[in-house]
Amino acid sequence: MTTWTLECSACVPVRTRDAEGFPGVCDVCGAPYLVRYETLPPPEAKSLLKRQRWTMWRYGSWLPLAEGEHPVTLGEGGTPLLAATRLGARHGFQQLWVKDESTNPTGSFKARGLAAAITRAVGAGANQFVVPTAGNAGIALAAYATRAGAQARVYAPTTTPAPILKQIRAFGADLQLVDGHIGDCGIAARLFSSGTGAVDVSTLREPYRIEGKKTLGLELAEQFGWTLPDAIVYPTGGGTGLIGMWKAFQELRDNGWIRGGLPRMYTVQATGCAPVVQAFESGAERATGWTDPQTVAAGLRVPSPLGDRLMLRALRDSNGGAVAVSDEALVAAANALQTVEGIDASPEGGAALAGAIALQEKGLVSGDERVVLFNTGAGWLYRA
Ligand SMILES: *Cc1c(COP(=O)(O)O)cnc(C)c1O
C-alpha cells in the first residue's frame, strides 16, 4: 500500500499534513506541497518492472496511487528517447538525445501530470474541474476529465494557436477565451472554482501534477539503464517538469536505484518571457513577475510561475543554469528537428535545442557530454 503525506515546500520548520481529500497549496503560507512517501521501492524491485506495460503507471509504486486503485489513463508515458545523431554532429554534440513527448495522448507531456491529478481528485470524489492554460494543459484536462466521466472548464488566452483550441473543444470541455496571458486566465479560473466548487488543477496549486511529471525522470533513468545524463535542457514555463524530474532523480538516488551522479538541470525560456532566467542570473530566490510576456512558444508564456522557488533550487542544487533564446532561434531549431531528424517539435521543443546550442557556446555544456533535450509537445498543434 503506497501511503504518503504532503510537505510544504517553503515553511520553516518543515510542515507536513495528511493527504485526505484533495488539498491545494499550504494552508499556512500558500506555497506548493510536495508528496512524501512512507516507503519507495528498493532496487531489488527493478526486475518487477519487466512485467509492466510501457505507460507511466509502470512506476505506480512511486506514484500517489493506492494498492488496487485504477488510474484514469489514456496510455500516457512510455515515450521514445531518440538519438539526434545528425543534428548532434551539426552542432558539435557527440551524444545528443531527444525525449519525444509529442507522442503522448493529447500531444504533449501535460498528459502525465493531468492523468495523476485527475486520478487523485476523482478518488477524492471530484467531478468538476477547471484549469487556466497556455494551451496544452487545457487539452489534457479536457481529455482526462472526459475519461473520468467528469466536467472540465478551461480558460485560455485568445492568442492560443487555433489547433490547440480545437482540440480542447473536441474533447468536450467548456472553453472560455481570455484577452490576456495565463496569469489572467488563472484569476478567472479561481473565481469559477470558488463560485462552483470545481477543482482547480492549475500548475502547482495542487500536489499531484508534479508526481505525474516525475515519471519523465523515472523513465529517462530506466531508458539509460539506471544511469542519468550529464545535462538536461528543459523548456520551462510553470516548471512542473523540471521540479518533477529533479524530485525523481533525488528519490532514485536516495533509494539506491542509480549509478553515477545526477544531471545538471538547465532551464530554457524565450527572451520575451524569461522570469526564471532573470532570477537565476540575479541570484534571487524568487522570480519577479514578467510584464508583457510575448513568445510564440505558448507553453513558455508564464510570467509569474508559482513554482519559481522550487525551480531555482533545482537549477542551483544541480549545478545547472538558465538561458533565454529568441523566438527566431527557437522556431528555426524546431524546424531543424522536423526537417533534419523527423521529430515533430513544438516551438518549446525547438527552444530546448536552441538552448543547448547556446549553453555550448557559453561553455556550460561540452560536446562530449550526454545531453538530453525535451520535445515537450507536438508541432502540429501550433500550425495554423
Ligand atoms: C506546458 C508546456 C511547457 C512548460 O512546461 P512546465 O513544466 O510547466 O514548465 C513546455 N512545453 C509545452 C509544449 C507545454 O505545453
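First listed ligand is number 1; within each ligand, the first listed atom is number 1.
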Quick one: are Leu252 and Leu218 in side-chain contact, heavy atoms under 4.5 Å? yes
Test of proximity, Asn136 against ligand 1: N or O pairs below 3.5 Å: yes
Near Thr236, which atoms of ligand 1 are under 4.0 Å from a heavy atom of that residue? 9 (O)
Return the closest protein heavy atom for atom 6 (P) of ligand 1 as residue, atom name and distance. Gly239 N, 3.3 Å
Has the side chain of Gln338 got a donor or acceptor atom that lies under 3.5 Å from a matching backbone atom of Asp344? no
Glu7 with Arg17: basic N within carboxylate O range, under 4.0 Å: no
Could you grab the distance from atom OG of Ser366 to atom CZ of Phe93, nearest 0.5 Å is fine? 9.0 Å
Please indicate whether any nitrogen or oxygen in Pro235 is less than 3.5 Å from any nitrogen or oxygen in ligand 1. no
Taking only heavy atoms of Gly241, which atoms of ligand 1 are found under 4.0 Å from at least one of them? 7 (O)
Give the residue, atom name and distance (to 0.1 Å) of the protein heavy atom nearest atom 8 (O) of ligand 1. Gly238 N, 3.0 Å
Between the main-chain N or O of Ala150 and the side-chain N or O of Gln128, is there a donor-acceptor pair closer than 3.5 Å? no
Pick from Tyr234, Phe109, Phe374: the one approaching atom 7 (O) of ligand 1 most closely through a non-hydrogen atom: Tyr234
Determine the sole option in Asp292, Thr288, Ile182, Asp184 for which the side-chain contact (heavy atoms from CB on, under 4.5 Å) test with Pro303 is passed. Ile182
Could you tell me how the ring of Trp54 sits relative to the ring of Tyr59: parallel (under 30°), tilted (30 to 60°) or perpendicular (over 60°)? perpendicular
For atom 4 (C) of ligand 1, which of Gly135, Gly113, Gly299, Ala134 has the closest heavy atom? Gly299
Determine, for Arg370 against Asp230, whether the closest basic-nitrogen to carboxylate-oxygen distance falls under 4.0 angstrom. no
Crowded around Glu328 CD? As in, over 12 foreign heavy atoms under 6.0 Å? no
What do you reckon, does Gly237 have a nitrogen or oxygen under 3.5 Å from a nitrogen or oxygen of ligand 1? yes
Considering only the protein, which heavy-atom contact is closest to atom 10 (C) of ligand 1, and what is its distance? Thr376 OG1, 3.5 Å
Ligand 1 contact by Thr203, heavy-atom criterion under 4.0 angstrom: no
Check: of Gln269, Glu348, Lys213, Lys110, min heavy-atom distance to atom 3 (C) of ligand 1 comes from Lys110
Do any nitrogen or oxygen atoms of Tyr382 come within less than 3.5 Å of a nitrogen or oxygen of ligand 1? no
